[in-house]
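Atom set for the values below is all heavy atoms of this structure, side chains included, hydrogens, waters and symmetry mates excluded.
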Amino acid sequence: LTNGNNNGITNGINGITRGRPGNPNNHVGRSSAPSAANNLIGGKNGKLPWDIKEDWDYFLKTTQNGILIMGRHCYDEFEDHAKNRDVIALSRNSDHTFPYAHKASNLAESLKMAGDFSGKTIWICGGRGIYEEALPLADRMYLTEINAEYSGNIYFPAWEKHFRKEVFSESLQTDSVELTFRILSK
């Protein structure tokens, strides 16, 4: 993923929403939360390849009142935060349990379960296969561009054909890197 200038911008999707536009905390619909480098890297050994406080804080704030759907590896990294959230974790392993999450075996089942939490935005939080399946379902994508390069072994799927219109953009210079928070729609 690049910003068109091929200048090393790293893209991290902090949310993909489905439903009416507006503040994500007042938004009812479907959402997603991946991250990907300019070379489409979205993870390294089941974790994010970066640790940027401002990006993490934005993710936590944006998704705070929603339902988070994530795969097993994402849940493992998020577990400490899952205690105070509505989380549905995905695993095809019938023996696997998640101490602070409901369990579903696939995205379709998790979306059906999430429907029981009426009035909340559903945030898809990875991994790669879950994002691939969720991208066509969403109306909006919350994207963080990180002006840096990272290495990894998990690639984020192409999203550009699904989200072509920028609704919002704001940049922030941190101590270590520049971030651009964007909201994109179809």
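Side chains of Trp159 and Leu184 form a contact here, defined as non-hydrogen atoms less than 4.5 Å apart. A heavy-atom distance below 4.5 Å is found between the side chains of Leu111 and Leu137. Between Thr62 and Trp123 the shortest side-chain heavy-atom distance falls below 4.5 Å.
Within the model, atoms OG1 of Thr63 and CG of Leu68 stand 4.5 Å from one another, a figure rounded to the nearest 0.5 Å. Taking CZ of Phe78 as the reference point, atom CG of Leu60 lies at 6.0 Å (rounded to 0.5 Å). Between the CE atom of Met141 and the CZ atom of Arg182 there is a distance of 7.5 Å, given to the nearest 0.5 Å. A distance of 12.0 Å separates CH2 of Trp56 from CH2 of Trp50, quoted to the nearest 0.5 Å. For the atom pair CZ of Phe163 and CD1 of Ile183, the computed distance is 12.0 Å after rounding to the nearest 0.5 Å. Separating the CZ atom in Phe117 from the CD1 atom in Ile67 is a distance of 5.5 Å, to the nearest 0.5 Å.
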Pairs under 3.5 angstrom only: tabulate donor-acceptor contacts from the side chains of residues 87-102 to other protein residues two or more places apart or in another chain.
from  : atom 1 : to    : atom 2 : distance (Å)
Ser91 : OG     : Asn93 : N      : 3.2
Asn93 : OD1    : Asp95 : N      : 2.8

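Of the N and O atoms on the side chains of Glu54 and Tyr58, not one donor lies less than 3.5 Å from an acceptor on the other residue.
Considering every non-hydrogen atom in both Ala108 and Glu133, the closest pair reads N-OE2, 4.4 Å. In plain terms, the two heavy atoms of Ile154 and Gly46 that are nearest each other are CD1-N, 3.6 Å. Smallest separation of non-hydrogen atoms from His81 and Arg85: O-CG, 3.2 Å. The two residues Pro157 and Leu135 have their closest heavy-atom pair at CG-CD1, 4.0 Å. Taking each heavy atom of Met70 and Cys125 in turn, the nearest pair found is CB-CB, 3.8 Å. Smallest separation of non-hydrogen atoms from Val177 and Ala148: CG2-CB, 3.9 Å.
Partners of Lys83 according to the side chain to side chain donor-acceptor pair (under 3.5 Å) rule, which considers only residues two or more places apart in sequence or in another chain, do not exist here.
The residues Glu77 and Lys47 are annotated as not salt-bridged, no charged nitrogen and carboxylate oxygen being separated by less than 4.0 angstrom. Taking 4.0 Å as the cut-off between side-chain N and carboxylate O, Asp57 and Lys53 count as a salt-bridged pair.
With Lys186 contributing its side chain and Pro136 its backbone, the two residues share a donor-acceptor pair below 3.5 Å.
With a 6.0 Å radius and a threshold of 12 heavy atoms from other residues, nucleotides or ligands, Asp116 has its CG atom above the threshold.
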